[in-house]
Novice: 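Have a look at the structure that comes next, please.
When a residue number appears, it is its place in the shown sequence, counting from 1.
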Amino acid sequence: MSEAVLSQILTSLADLKATQQLLSDKVDKIQADTVLSKEDHLLRKVDHYHNSPGQSDSDGDTVVSPTFVSESNDDVAASVYTDKPVITTYPGQKGIKPSKLNWGEATPQARGPIVVSRLASSINVRNAIGAYGGPYSIYRSLAVAMGDLPANHKPNFEHTQPPITIHQQPQWSDPSKIVSMDPFGHLTSQYYKAEIEKGLDIRPSIAITRAHMIVPELQAEVNNGGLKVDGKVMVNEAGELNVHKAAVDPVWYLPGVAERLKVEEDLLRRALFENTGGMYPELITRPDLKVFLPPIGGLTCYIFGNHELLSDPKTRVTVRVHDECNGSDVFGSDICTCRPYLVYGMKECIKEAQNGGVGLIVYFRKEGRALGEVTKYLVYNARKRGGDSAAKYFQRTENVAGVKDMRFQALMPDVLHWLGVTKIDRFMSMSNMKHDAIIDAGIKILERVPIPDDLIPPDSKVEMDAKIAAGYFTTGHIPDADELCRTVGRGWQEFHQ
């Protein structure tokens, strides 16, 4: 067979495949249109948008936020979901009119609420992909399936408002500064009260509270004089701490996330779609939806001292950004420095607050360098069976995970922008990735503080030397290749003596 004939056959096959895909897409769209048309008739009762200048949908038509017709309990009982599952939707599809969402606007009203619920009251006007609650949406699904939770349950937000005011910062309306969280997410039930009362399912992505904490190592510091009792931060001789804390669920503005990670938005969407098992087809079919609530853990801020001073450039601020390590943080594993460094960071934050400054701990759910605990334990096994040396520390991780680290700290500084931090006087971290991300975000770091040598557990010396050699900050010696080979961890046989 000649090359020309072969080329012609391949071209014909490619054309046939493209035509088949086009027909398949049209069938999917017709089926989805039919489902949504029935849903409009049987369920909801969302008024069509009224035209208003300055707010465009995917067709270029001007629209505003929807108004809602009240519904009876009988209507809800008849059908919570659409009569058939809506697998995906398309821009401009019949019945699909996303509520306005203008990321980076200076006011919550101009920005608009983030609507991600797939309940019948919201599915036509959804303007975001994903689900409220991140990974906990799966547990909510189980509760609904088992009948423990009504699928159309709407939270009662009475008395849930923050006990402190996080004042709006200029960074909130800069779409390049905050791309991974909703800066208005802590006051959703207040900003969008009218929309919620009309039936739209809108939920907070940030909650703020105050609490007392007791940490054994810090109690010991009080007893030995390392920390003083001031009645404000360190409340009493029992070592009780007075803190404010904020829990933040991730809310990603995809164009901004793509820019921050230096990738194309289309590629980011495809990677998210493929590597979540195709859970969110609208990442592909709805390029007009720019916001995604990913199924990952969020973060928690612990604030020591006056939170309002975090944005004051004249006030000293001590910060530790910490990535979750369940084994060390909670259960005291000595193979890493995570808990010792975390507690040391807390101690320095307390002292800063007692001296008139502010201390801030930011705790991210990125277990095992965002590789997960299963992967982390597999790496531990490979390290201990293959000879645990600093020289092979990162190689063991790459052999299992394919990368050294998947935390990718580029999104991390957003929470600092949300709190108005423009300067960090003491940064309690040796991580070059965290340092560089904060500097790239335009936040100054005046001093980097390494963990003291006497707080480093012996078996974590492997990790510490490997990281210092790879670029971690230190005020001491940087080990060379020969020294990394000589730095070895405890073998498994030593565990059972």
Novice: Just do the side chain to side chain contact (heavy atoms under 4.5 Å, CB included) check on Tyr132 and Asp249 with the steps written out, would you?
Specialist: CA-CA 9 Å; Tyr132 295 120; Asp249 282 342; over 6 Å; no

Novice: Compare every heavy atom of Ile164 with every heavy atom of His307, then report the nearest pair and how far apart it is.
Specialist: CE1-CB, 3.5 Å

Novice: Testing Ser328, Pro457, Pro340, Ser460 for side chain to side chain contact (heavy atoms under 4.5 Å, CB included) with Asp334, which one passes?
Specialist: Pro457

Novice: Show your reasoning for whether side chain to side chain contact (heavy atoms under 4.5 Å, CB included) applies to Ile129 and Arg269.
Specialist: CA-CA 11 Å; Ile129 305 165; Arg269 286 172 173 266; 4.1 Å; yes

Novice: Under the side-chain hydrogen bond (donor to acceptor under 3.5 Å, both in side chains) criterion, do Thr89 and Glu282 qualify, and how do the steps go?
Specialist: CA-CA 7 Å; Thr89 58; Glu282 286 171 321; 2.4 Å; yes

Novice: Let me confirm one number: the CG-CG distance from Leu149 to Leu142, rounded to the nearest 0.5 Å.
Specialist: 11.0 Å

Novice: Considering non-hydrogen atoms only, spot the tightest contact between Thr375 and Ala401 and give its length.
Specialist: CG2-CB, 4.0 Å

Novice: If you count the non-hydrogen atoms of other residues, nucleotides and ligands that lie under 6.0 Å from CD in Glu259, is the total more than 12?
Specialist: no

Novice: Against Val115, only a single residue in Leu200, Ile123, Leu101 fulfils side chain to side chain contact (heavy atoms under 4.5 Å, CB included); can you say which?
Specialist: Leu200

Novice: Kindly determine whether Gln409 and Asp323 satisfy side-chain hydrogen bond (donor to acceptor under 3.5 Å, both in side chains), including the steps that lead there.
Specialist: CA-CA 10 Å; Gln409 302 289 352; Asp323 293 324; 3.0 Å; yes

Novice: Between Ile206 and Met181, what is the shortest heavy-atom contact and its length?
Specialist: CD1-CE, 3.7 Å

Novice: Heavy-atom distance under 4.5 Å between the side chains of Pro113 and Thr188, does that happen here?
Specialist: no

Novice: Between Arg407 and Asp405, what is the shortest heavy-atom contact and its length?
Specialist: NH2-OD2, 2.6 Å

Novice: Rounded to the nearest 0.5 Å, what's the gap from CZ on Arg111 to CD on Glu105? Could you check?
Specialist: 10.0 Å

Novice: For the aromatic rings, using the six-membered ring if either is Trp, is the centroid distance between His186 and Trp418 under 6.0 Å?
Specialist: yes

Novice: Report yes or no: does Arg339 contribute a side-chain atom to a donor-acceptor pair with the main-chain N or O of Gly332 at less than 3.5 Å?
Specialist: no

Novice: For Met346 and Ile361, run side chain to side chain contact (heavy atoms under 4.5 Å, CB included): C-alpha distance rounded to whole Å, both residues' side-chain angles, the deciding distance at 0.1 Å, then the answer.
Specialist: CA-CA 7 Å; Met346 292 173 64; Ile361 301 289; 4.0 Å; yes

Novice: Regarding Gln161 and Ser189, is there a side-chain donor-to-acceptor distance under 3.5 Å anywhere?
Specialist: no

Novice: Any sub-3.5 Å donor-acceptor pair from Gln168's side-chain atoms to Ala106's backbone N or O?
Specialist: yes

Novice: More than 12 foreign heavy atoms under 6.0 Å from CD of Glu264: is that the case here?
Specialist: no

Novice: Is the backbone N or O of His322 less than 3.5 Å from a side-chain atom of Tyr341, with the two atoms forming a donor-acceptor pair by type?
Specialist: no

Novice: Report the distance from atom CD of Gln169 to atom NE2 of His167, rounding to the nearest 0.5 Å.
Specialist: 8.5 Å

Novice: Looking only at atom types and distance, does a side-chain atom of Arg118 sit under 3.5 Å from a main-chain N or O of Val86, one as donor and one as acceptor?
Specialist: yes

Novice: Between Glu324 and Lys366, is there a side-chain heavy-atom distance shorter than 4.5 Å?
Specialist: no

Novice: Would a distance-only check, ignoring hydrogens and angles, find a side-chain to backbone donor-acceptor pair under 3.5 Å from Arg320 to Met428?
Specialist: yes

Novice: Compare every heavy atom of Lys177 with every heavy atom of Arg260, then report the nearest pair and how far apart it is.
Specialist: NH2-O, 3.3 Å

Novice: Below 4.5 Å, heavy atoms only, C-beta onward: do Ile208 and Lys245 meet side chain to side chain?
Specialist: no

Novice: Calculate, to the nearest 0.5 Å, the distance between atoms CD and CG belonging to Gln219 and Leu241 respectively.
Specialist: 9.0 Å

Novice: Does Lys154 use its side chain to pair, donor to acceptor, with the backbone of Ile196 at less than 3.5 Å?
Specialist: no

Novice: Side chains of Met213 and Glu240: closer than 4.5 Å at any heavy-atom pair?
Specialist: no

Novice: Keeping Trp103 on the side-chain end and Ile178 on the backbone end, is there a donor-acceptor pair under 3.5 Å?
Specialist: yes

Novice: Let me have the donor-acceptor pairs involving side chains of residues 291-306, under 3.5 Å, with sequence neighbours excluded, atom names and distances please.
Specialist:
residue, atom, partner, partner atom, Å
Thr300, OG1, Arg365, NH1, 2.6
Asn306, OD1, Glu308, N, 3.0

Novice: Does the side chain of Leu416 come within less than 4.5 Å of Leu360's, by heavy atoms?
Specialist: yes

Novice: Is any side-chain N of the basic residue among Glu217 and Lys347 closer than 4.0 Å to the acidic one's carboxylate O?
Specialist: no

Novice: Main chain of Gly134, side chain of Ser137: is a donor-acceptor contact present, judged purely on distance under 3.5 Å?
Specialist: yes

Novice: Using atom types as modelled and distance alone, determine if a side-chain donor or acceptor of Thr276 lies under 3.5 Å from a backbone N or O of Leu272.
Specialist: yes

Novice: Flag this pair as yes if the NZ/CZ of Arg383 is under 6.0 angstrom from the six-membered ring centre of Tyr393 and inside a 45 degree cone about the axis; otherwise no.
Specialist: no

Novice: Could you check whether any side-chain heavy atom of Thr88 comes within less than 4.5 Å of a side-chain heavy atom of Tyr280, counting everything from C-beta outward?
Specialist: no

Novice: Return yes if some donor-acceptor pair links the side-chain N/O of Ser117 with the main-chain N/O of Leu119 below 3.5 Å, else return no.
Specialist: yes

Novice: Just wondering, do His417 and Ile443 contact through their side chains at under 4.5 Å, heavy atoms?
Specialist: yes

Novice: Taking the side chain as every heavy atom from C-beta outward, state whether Phe394 and Lys467 have any atom pair closer than 4.5 Å.
Specialist: yes

Novice: Can you tell me how far apart CG (Leu187) and CZ (Phe157) are? Round to the nearest 0.5 Å.
Specialist: 12.0 Å

Novice: Please name all residues satisfying salt bridge (charged side-chain N to carboxylate O under 4.0 Å, His left out) with Asp201, sequence neighbours left out, ordered by chain then number.
Specialist: Arg203

Novice: Does Lys290 form a side chain to side chain contact (heavy atoms under 4.5 Å, CB included) with Glu265? I'd like the steps, not just the answer.
Specialist: CA-CA 10 Å; Lys290 299 297 185 182; Glu265 183 185 343; 3.4 Å; yes

Novice: Working to the nearest 0.5 angstrom, can you tell me the gap between Trp172 CH2 and Asp414 CG?
Specialist: 13.0 Å

Novice: Give me the atom names and distance for the closest heavy-atom approach of Glu463 to Thr337.
Specialist: OE1-N, 3.6 Å

Novice: Among side-chain atoms of Tyr363 and Asp329, is any donor-acceptor pair under 3.5 angstrom?
Specialist: yes

